[in-house]
Participant: 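There's a structure below that I have some questions on.
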Protein chains: 2
Amino acid sequence: MRMPHPECTTCKSRGSSLFNFCSCAETEKINLSKTCNIYKKDQVVFHENVFPIGLFCINSGSIKLSKIFSTGKEQILRIARAGDFIGYRSLITNDPYSVTATALEDSTICLIPKGEFHELMQTNKNFYEALLATICKELESTETKVSEIAYKPVRGRIAEALLLLANIYKKEEYINLTREDLASFVGTVKETAIRVVSEFKDEKLISIDKRRIKIINSKGLLQISNLYD
Amino acid sequence: MRMPHPECTTCKSRGSSLFNFCSCAETEKINLSKTCNIYKKDQVVFHENVFPIGLFCINSGSIKLSKIFSTGKEQILRIARAGDFIGYRSLITNDPYSVTATALEDSTICLIPKGEFHELMQTNKNFYEALLATICKELESTETKVSEIAYKPVRGRIAEALLLLANIYKKEEYINLTREDLASFVGTVKETAIRVVSEFKDEKLISIDKRRIKIINSKGLLQISNLYD
DNA sequence: TTAAAAAGATGATCTAAATCATTTTTTTAT
DNA sequence: ATAAAAAAATGATTTAGATCATCTTTTTAA
């Protein structure tokens with residue numbers, strides 16, 4: 001779905017994005033070449049194994065990045081929000097996407113053409129360095145994820161995930177993720193995630209309104225998360 | 001342990017390392033500023049949570065990069081060999097090491113001072129770009145590891161790990177890793193790794209001499225590895 | 001507004017893999 | 001060469017969490 005372009009220069013996500021490292025002139029230039037679309041909830045932004053055509057910059061909403069198996073199982077690796085870039089790795093390595101990006105809610109996403117991205121990489125050192133730092137941070141958190149899935153019990157992983165998600169969704173009052181997505185995020189199944197979330201509710205660590213989760217005792221959750229570190 | 005410096009310019013690992021992107025003059029300069037040490041088997045090269053003082057370049061041997069838990073459990077994330085750089089991520093982000101590096105066998109490792117590394121990053125675009133590409137690849141393989149630990153049964157993970165290790169150790173005839181390290185690498189326990197390796201021997205997928213593993217049916221292993229993708 | 005679909009809850013059962021315990025083989029150090 | 005230590009092998013037992021099945025609540029769409 002096409003929509004009137006939000007302006008990059010005045011974009012409310014600019015401060016929290018890598019565009020913060022771009023000059024006004026650069027931002028203006030990007031603004032002219034970009035296109036912008038609304039993705040409905042559950043709509044795929046890009047598919048695993050497909051070659052990229054540009055850089056996606058999330059203007060509003062949230063996007064899950066996941067690997068999907070032939071068995072239908074899904075592993076969510078990361079959840080991106082307003083201001084985040086997605087799909088830049090394939091642009092750098094010239095490889096097809098290694099993950100699938102799907103909208104978790106209705107989201108507005110801008111697409112910056114490949115050439116524009118590469119030009120920015122060539123000409124703006126600050127941008128380049130900030131991007132490199134972002135990738136390094138991502139790698140570190142992914143390495144942490146490996147160890148935790150391997151050694152931390154489900155209860156600890158869900159406690160930790162809820163704290164992380166509360167931070168991602170800090171502007172909203174509730175964590176807006178189905179139990180099934182929560183399960184995919186921590187590497188378990190729906191039923192187990194449902195059970196653990198119910199336990200946390202009984203233990204007064206979280207409250208639930210309809211199906212939405214709100215943390216009411218983050219210290220308690222942190223303790224559960226750290227039990228096995 | 002100190003030793004006579006191997007020469008960077010004639011280093012047999014140079015072709016397979018990122019120094020391949022450096023000019024002769026640059027390599028000479030690095031050669032003069034570097035120091036070189038032998039690390040005995042099981043010796044720690046650097047520790048988690050410690051700040052880096054330079055860039056490590058493996059001249060010979062093999063190094064495991066792992067996270068170690070307070071419970072004593074270890075998750076091996078990556079195994080680095082001759083020509084590989086280790087510890088560059090902390091140098092880029094100015095953070096302490098997020099993993100511990102330990103010699104799997106007696107290894108020779110050069111240490112390039114921090115300043116030298118940063119200068120190279122500033123002045124040599126090819127080097128910079130190659131490093132960025134390396135990190136991107138690492139991130140992709142770490143993401144794959146997350147999904148596999150979450151969804152692939154131990155048999156499949158060990159089959160896959162053996163194929164990967166055979167490739168890392170392609171110059172040697174045997175895979176030189178204890179069952180315990182193999183277990184840490186795929187996220188399981190020693191006993192389970194031992195049992196699966198024994199099964200593979202019984203199924204004529206591998207042969208074992210003393211405790212060393214040699215692959216004799218890689219197609220079979222690949223099939224087991226792919227059963228659940 | 002109502003029917004259908006999706007999400008969540010919950011109980012029962014099963015199983016892969018962890019844990020615990022002991023023995024054998026290989027390696028290392030004296 | 002021999003003793004001690006480390007690694008591997010193997011059996012018995014336990015368990016966390018997956019799977020299967022059914023029911024309830026909430027959301028979505030006609």
Side-chain angles (χ1 to χ4, degrees), chain A residues 40-43 69 71-75 102 104-106 148-159 161-162 174-203 206-214 224 227-228, chain B residues 40-43 69 71-75 102 104-106 148-159 161-162 174-203 206-214 224 227-228:
Chain A
K40 303 292 287 179
K41 185 175 190 303
D42 293 327
Q43 199 180 334
F69 295 76
T71 55
K73 294 223 174 184
E74 177 187 28
Q75 174 65 46
T102 313
L104 284 169
E105 58 190 302
D106 294 1
E148 295 195 336
I149 290 186
Y151 294 119
K152 203 183 259 200
V154 172
R155 250 177 85 86
R157 303 210 302 274
I158 293 190
L162 290 178
Y174 292 100
I175 293 170
N176 188 19
L177 206 66
T178 65
R179 306 290 186 274
E180 188 153 22
D181 277 336
L182 179 61
S184 298
F185 190 51
V186 304
T188 183
V189 294
K190 187 180 55 179
E191 294 91 330
T192 300
I194 287 171
R195 273 183 251 264
V196 171
V197 167
S198 297
E199 280 170 34
F200 287 172
K201 191 189 67 181
D202 295 347
E203 296 163 29
I206 57 175
S207 67
I208 291 172
D209 174 64
K210 298 293 144 89
R211 45 198 44 166
R212 302 181 150 182
I213 298 167
K214 189 204 275 189
I224 291 171
L227 264 183
Y228 301 88
Chain B
K40 304 289 290 182
K41 185 176 190 300
D42 293 327
Q43 199 180 334
F69 295 77
T71 57
K73 295 222 171 181
E74 177 187 28
Q75 174 65 47
T102 314
L104 285 169
E105 59 191 301
D106 293 359
E148 294 193 337
I149 291 185
Y151 293 119
K152 205 184 255 198
V154 171
R155 250 177 85 88
R157 303 210 301 273
I158 292 191
L162 291 178
Y174 292 99
I175 293 170
N176 187 19
L177 206 65
T178 65
R179 306 290 186 274
E180 188 153 23
D181 277 336
L182 179 61
S184 298
F185 190 51
V186 305
T188 184
V189 294
K190 189 180 56 182
E191 295 93 328
T192 301
I194 288 170
R195 272 182 250 265
V196 171
V197 167
S198 296
E199 280 171 32
F200 286 172
K201 191 188 70 183
D202 294 346
E203 294 164 30
I206 58 175
S207 69
I208 292 172
D209 175 63
K210 300 292 146 92
R211 45 198 45 169
R212 302 183 147 179
I213 298 166
K214 188 203 275 189
I224 290 170
L227 264 184
Y228 302 88

Participant: According to the salt bridge (Lys or Arg N to Asp or Glu O under 4.0 Å) rule, which pairs have a member within residues 185-195 of chain A, sequence neighbours left out?
Facilitator: none

Participant: How close or far is atom P of C:dT28 from atom CG of B:Asp42, stated in whole angstroms?
Facilitator: 11 Å

Participant: Take the protein atom CD of A:Glu199 and the nucleotide atom P of C:dG8, then report the distance between them rounded to whole Å.
Facilitator: 17 Å

Participant: Using atom NZ of B:Lys73 as one end and atom P of C:dA17 as the other, report the distance to the nearest whole Å.
Facilitator: 14 Å

Participant: Would you tell me if any nitrogen or oxygen in the side chain of B:Thr192 comes within less than 4.0 Å of OP1 or OP2 on C:dA17?
Facilitator: no

Participant: Give the intermediate values and the outcome of salt bridge (charged side-chain N to carboxylate O under 4.0 Å, His left out) for residues A:Glu199 and A:Arg155.
Facilitator: CA-CA 9 Å; A:Glu199 280 170 34; A:Arg155 250 177 85 86; 2.7 Å; yes

Participant: For the helix from C:dT1-D:dA30 to C:dT30-D:dA1, what angle lies between the axis at the first five pairs and the axis at the last five pairs, to 10 degrees?
Facilitator: 60°

Participant: Taking side chain to side chain contact (heavy atoms under 4.5 Å, CB included) as the criterion, tell me which of B:Thr188, B:Ile194, B:Val197, B:Ile175 meets it with B:Leu182.
Facilitator: B:Val197

Participant: Round to a whole Å and report the spacing from NZ of A:Lys41 to C1' of C:dA5.
Facilitator: 13 Å

Participant: Walk along DNA chain D from 5' to 3' and tell me the first and last nucleotide with an atom closer than 4.0 Å to a non-hydrogen atom of chain A.
Facilitator: D:dG17 to D:dT27

Participant: Once rounded to the nearest 0.5 Å, what's the spacing between atom OG1 of A:Thr71 and atom CG of B:Leu227?
Facilitator: 11.5 Å

Participant: When you look at B:Lys41 and B:Asp106, which way does the salt bridge (charged side-chain N to carboxylate O under 4.0 Å, His left out) test go after all the steps?
Facilitator: CA-CA 5 Å; B:Lys41 185 176 190 300; B:Asp106 293 359; over 6 Å; no

Participant: Looking at A:Arg179 and A:Ile208, what are the two nearest heavy atoms and their distance?
Facilitator: NH2-CD1, 3.8 Å

Participant: Report, as yes or no, whether the 6.0 Å neighbourhood of atom CZ on A:Arg212 holds more than 12 heavy atoms from other residues, nucleotides or ligands.
Facilitator: no

Participant: Is there a donor-acceptor pair closer than 3.5 Å between any side-chain N or O of A:Glu203 and the backbone N or O of A:Phe200?
Facilitator: no

Participant: Are any side-chain N or O atoms of B:Tyr151 and backbone N or O atoms of A:Gly187, one a donor and one an acceptor, separated by less than 3.5 Å?
Facilitator: no

Participant: Sort me out a list of protein N/O and nucleotides 22-25 of chain C N/O pairs below 3.5 Å, or just none if empty.
Facilitator:
none

Participant: Nearest-nucleotide wise, let me know which of A:Thr178 and B:Arg157 is further upstream toward the 5' end of DNA chain C.
Facilitator: A:Thr178

Participant: For residues B:Ile224 and B:Ala159, report the shortest heavy-atom separation together with the two atoms involved.
Facilitator: CG2-CB, 3.8 Å

Participant: Output all residues satisfying ring pair (Phe, Tyr, Trp, His ring centres under 6.0 Å) with B:Tyr174, sequence neighbours left out; order by chain, then residue number.
Facilitator: none

Participant: Using atom CG of A:Leu104 as one end and atom P of C:dA7 as the other, report the distance to the nearest whole Å.
Facilitator: 12 Å

Participant: Which heavy atom of B:Ala161 sits nearest a heavy atom of B:Phe185, and at what distance?
Facilitator: CB-CD2, 4.0 Å

Participant: Considering all heavy atoms of both residues, which atom of B:Asp181 and which atom of B:Leu104 are nearest to each other, and what is their separation?
Facilitator: OD2-CD2, 3.4 Å

Participant: Could I get a table of every N or O pair under 3.5 Å where one atom is in the protein and the other is in nucleotides 9-11 of chain C?
Facilitator:
| unit_1 | atom_1 | unit_2 | atom_2 | d |
| --- | --- | --- | --- | --- |
| C:dG11 | N7 | A:Arg195 | NH1 | 3.1 |
| C:dG11 | O6 | A:Arg195 | NH2 | 3.1 |

